[in-house]
Colleague: 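Dropping the structure in here first, questions after.
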Amino acid sequence: MDEEGSTKRVTCTILAIDHRDMFYSVCAVCERTISNPSFVCHSSNPPSKRLFRILMSVATDTQVLTVICFDRVARLLFGCSADEFFHFAKLHPFSGVTVNEILEGEMFTMTLSKPMNPDAQHMRVASADPFSSSFRPAIHLLKQCYGSPTT
């Protein structure tokens with residue numbers, strides 16, 4: 001993967017997820033990144049929303065990689081939106097640690113892409129297909145673990 005924007009498909013195992021910083025805020029209208037809480041993107045001043053940005057370590061048969069998983073793919077792994085997981089984690093403070101334990105060891109076929117931004121440090125997960133047909137998104141197992149309704 002030497003060219004910008006190039007991709008490769010790998011079979012890999014999730015080793016760890018950085019559960020300390022899993023979200024970023026965006027404008028609810030245009031999804032422009034909001035780094036400053038007082039920033040107003042639109043005159044109507046819509047509320048911001050959270051999107052997933054998850055740093056994770058994965059192992060292929062030949063190497064260990066640190067990759068970044070953004071909202072679209074992370075929703076498949078988690079089975080919910082970033083806002084839903086954030087609010088669940090407020091009620092269950094160890095959810096971040098537990099989700100790491102749930103996903104650790106899960107195997108996926110992932111499409112990894114080299115970022116277009118030359119300053120970006122990590123390859124991006126463009127898609128993730130569970131290797132096991134019994135894979136369940138993390139939120140379902142978290143709700144089971146914490147005794148929450150599985151709506």
Side-chain angles (χ1 to χ4, degrees), residues 7 9-60 64-117 119-151:
T7 62
R9 265 182 87 70
V10 297
T11 299
C12 59
T13 302
I14 295 177
L15 299 178
I17 291 175
D18 182 355
H19 57 84
R20 297 166 295 163
D21 185 20
M22 298 172 51
F23 316 103
Y24 66 107
S25 295
V26 296
C27 170
V29 174
C30 67
E31 294 196 351
R32 184 178 183 183
T33 302
I34 298 173
S35 53
N36 178 347
S38 63
F39 176 76
V40 176
C41 191
H42 290 82
S43 57
S44 62
N45 196 20
S48 64
K49 67 179 182 178
R50 287 174 194 81
L51 296 180
F52 284 114
R53 178 179 52 213
I54 301 169
L55 199 61
M56 62 175 67
S57 295
V58 298
T60 69
V64 174
L65 303 165
T66 301
V67 297
I68 193 155
C69 185
F70 284 101
D71 196 68
R72 184 178 53 80
V73 176
R75 282 175 174 254
L76 298 173
L77 301 178
F78 280 69
C80 63
S81 70
D83 274 328
E84 182 182 346
F85 183 79
F86 176 82
H87 292 296
F88 183 88
K90 279 176 44 179
L91 296 173
H92 308 286
F94 293 105
S95 295
V97 173
T98 307
V99 80
N100 183 53
E101 293 170 359
I102 288 169
L103 292 175
E104 180 182 351
E106 286 288 345
M107 292 184 70
F108 291 87
T109 301
M110 291 184 175
T111 302
L112 303 178
S113 64
K114 196 165 186 174
M116 300 300 269
N117 179 345
D119 296 329
Q121 298 175 6
H122 306 291
M123 290 193 298
R124 299 171 192 283
V125 180
S127 69
D129 300 312
F131 207 67
S132 169
S133 60
S134 63
F135 172 78
R136 291 183 57 207
I139 194 68
H140 298 292
L141 298 171
L142 284 168
K143 287 179 177 180
Q144 240 180 353
C145 176
Y146 290 108
S148 297
T150 55
T151 57

Colleague: Between CE of M123 and OG of S113, what distance do you get to the nearest 0.5 Å?
Modeller: 8.5 Å

Colleague: Atom CE in M107, atom OG in S132: separation rounded to 0.5 Å?
Modeller: 10.0 Å

Colleague: What class does the angle between the rings of F52 and F78 fall in, given that below 30° is parallel, 30 to 60° is tilted and above 60° is perpendicular?
Modeller: tilted

Colleague: Check each of L76, L55, L77 against C69 using the side-chain contact (heavy atoms from CB on, under 4.5 Å) test, and report the only one that passes.
Modeller: L77

Colleague: Quick one: does D83's side chain get under 4.5 Å of R50's, heavy atoms only?
Modeller: yes

Colleague: List the steps, then state whether side chain to side chain contact (heavy atoms under 4.5 Å, CB included) holds for F85 with V99.
Modeller: CA-CA 10 Å; F85 183 79; V99 80; 4.3 Å; yes

Colleague: Can you label the angle between the Y146 ring and the H92 ring as parallel, tilted or perpendicular, going by 30° and 60°?
Modeller: parallel

Colleague: Any idea which heavy atoms bring S57 and T66 closest together, and the distance?
Modeller: OG-OG1, 4.1 Å

Colleague: Output all residues satisfying salt bridge (Lys or Arg N to Asp or Glu O under 4.0 Å) with R124, sequence neighbours left out; order by chain, then residue number.
Modeller: none

Colleague: Please determine whether side chain to side chain contact (heavy atoms under 4.5 Å, CB included) holds for the pair L103 and F135, giving the CA-CA distance in whole Å, both sets of side-chain angles, and the decisive distance to 0.1 Å.
Modeller: CA-CA 10 Å; L103 292 175; F135 172 78; 3.9 Å; yes

Colleague: Measure the shortest side-chain to side-chain distance between V64 and V58 over non-hydrogen atoms and say whether it is less than 4.5 angstrom.
Modeller: no

Colleague: Taking the side chain from R72 and the backbone from A126, do they hold a donor-acceptor pair closer than 3.5 Å?
Modeller: yes

Colleague: Which heavy atom of E104 sits nearest to which heavy atom of L15, and what is that distance?
Modeller: CG-O, 3.4 Å

Colleague: If you measure from CD1 on I17 to CD on E101, what distance do you get to the nearest 0.5 Å?
Modeller: 11.0 Å

Colleague: Among all residues two or more places apart in sequence or in another chain, which pass the salt bridge (Lys or Arg N to Asp or Glu O under 4.0 Å) test with R32?
Modeller: none

Colleague: Are H122 and P115 close enough that some pair of their side-chain heavy atoms sits under 4.5 Å apart?
Modeller: no

Colleague: Heavy atoms only: give me the nearest I102-A138 pair and the separation to one decimal.
Modeller: CD1-O, 4.0 Å

Colleague: Within a strict 4.5 Å, meaning less than it, do heavy atoms of the K143 and F88 side chains meet?
Modeller: yes

Colleague: Just one of L65, I68, I14, N100 clears the side-chain contact (heavy atoms from CB on, under 4.5 Å) bar with M56, so which one?
Modeller: I14

Colleague: Of all heavy-atom pairs between C80 and R75, which one has the smallest distance, and what is that distance?
Modeller: O-CG, 3.5 Å

Colleague: State the CD1-CE distance between I54 and M22, to the nearest 0.5 angstrom.
Modeller: 4.5 Å

Colleague: Hydrogens and angles aside, do T111 and R9 bring a side-chain donor and acceptor to less than 3.5 Å of each other?
Modeller: yes

Colleague: Mind checking the CD1-OG spacing from I139 to S95? Nearest 0.5 Å is all I need.
Modeller: 7.0 Å

Colleague: To the nearest 0.5 Å, tell me how far T98 OG1 sits from L142 CG.
Modeller: 6.0 Å

